[in-house]
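What you are looking at is a predicted structure, and each value in this text was computed from that prediction instead of being measured.
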Amino acid sequence: MKKSFFKFMAKLNKAILPSYSEKQLDLSKASKFQLAIIGWRYYVTTRALD
C-alpha cells in the first residue's frame with residue numbers, strides 16, 4: 001500500500017509541480033522554495049521506486 005501511495009504521489013508531482021531539470025535551473029542560484037520542491041520530488045520518487 002505504501003509503494004502504491006508513493007507511485008500515485010509521483011504521478012501527481014509530475015502533473016502539478018514544475019520540472020527544474022527541463023528548465024536547467026542552476027542549483028547554486030535556486031531559492032529555498034525551489035530547493036524544497038526538488039527535495040520533495042526526490043523523496044517521493046525514491047520511495048516509489050523502492
Side-chain angles (χ1 to χ4, degrees):
M1 181 179 141
K2 184 177 179 182
K3 187 173 182 175
S4 63
F5 171 73
F6 281 109
K7 282 189 174 189
F8 170 74
M9 288 299 296
K11 288 181 182 180
L12 192 64
N13 284 347
K14 187 172 183 170
I16 295 175
L17 296 177
S19 175
Y20 293 121
S21 61
E22 290 177 359
K23 296 179 182 178
Q24 297 181 345
L25 176 71
D26 185 11
L27 290 179
S28 64
K29 296 179 182 176
S31 69
K32 298 286 184 183
F33 183 70
Q34 290 170 327
L35 291 174
I37 291 175
I38 292 167
W40 171 250
R41 289 185 70 151
Y42 173 78
Y43 174 77
V44 170
T45 301
T46 55
R47 297 298 182 265
L49 294 175
D50 283 341

### Query
Got Phe6 and Asp50 here, is their nearest side-chain heavy-atom distance under 4.5 Å?
no
### Task
Report yes if the side chains of Val44 and Leu12 come closer than 4.5 Å at any heavy-atom pair, otherwise no.
no
### Summary
Closest heavy-atom pair, Pro18 versus Lys23, reported as atoms and distance to 0.1 Å, is CB-NZ, 4.0 Å
With rounding to the nearest 0.5 angstrom, report the [atom1] to [atom2] distance, [X] to [Y].
{"X": "Arg41", "Y": "Leu17", "atom1": "CZ", "atom2": "CG", "value": "6.0 Å"}
{"X": "Lys7", "Y": "Leu49", "atom1": "NZ", "atom2": "CG", "value": "8.0 Å"}
{"X": "Phe8", "Y": "Asn13", "atom1": "CZ", "atom2": "CG", "value": "10.0 Å"}

### Query
Is there a path from Ile37 to Tyr42 through hydrophobic residues (I, L, V, M, F, W, Y) whose side chains come within less than 4.5 Å of each other?
no
### Message
With side-chain contact (heavy atoms from CB on, under 4.5 Å) as the criterion, how do Met9 and Trp40 come out once you've worked through the C-alpha distance, each side chain's angles and the decisive distance to 0.1 Å?
### Response
CA-CA 10 Å; Met9 288 299 296; Trp40 171 250; 3.7 Å; yes
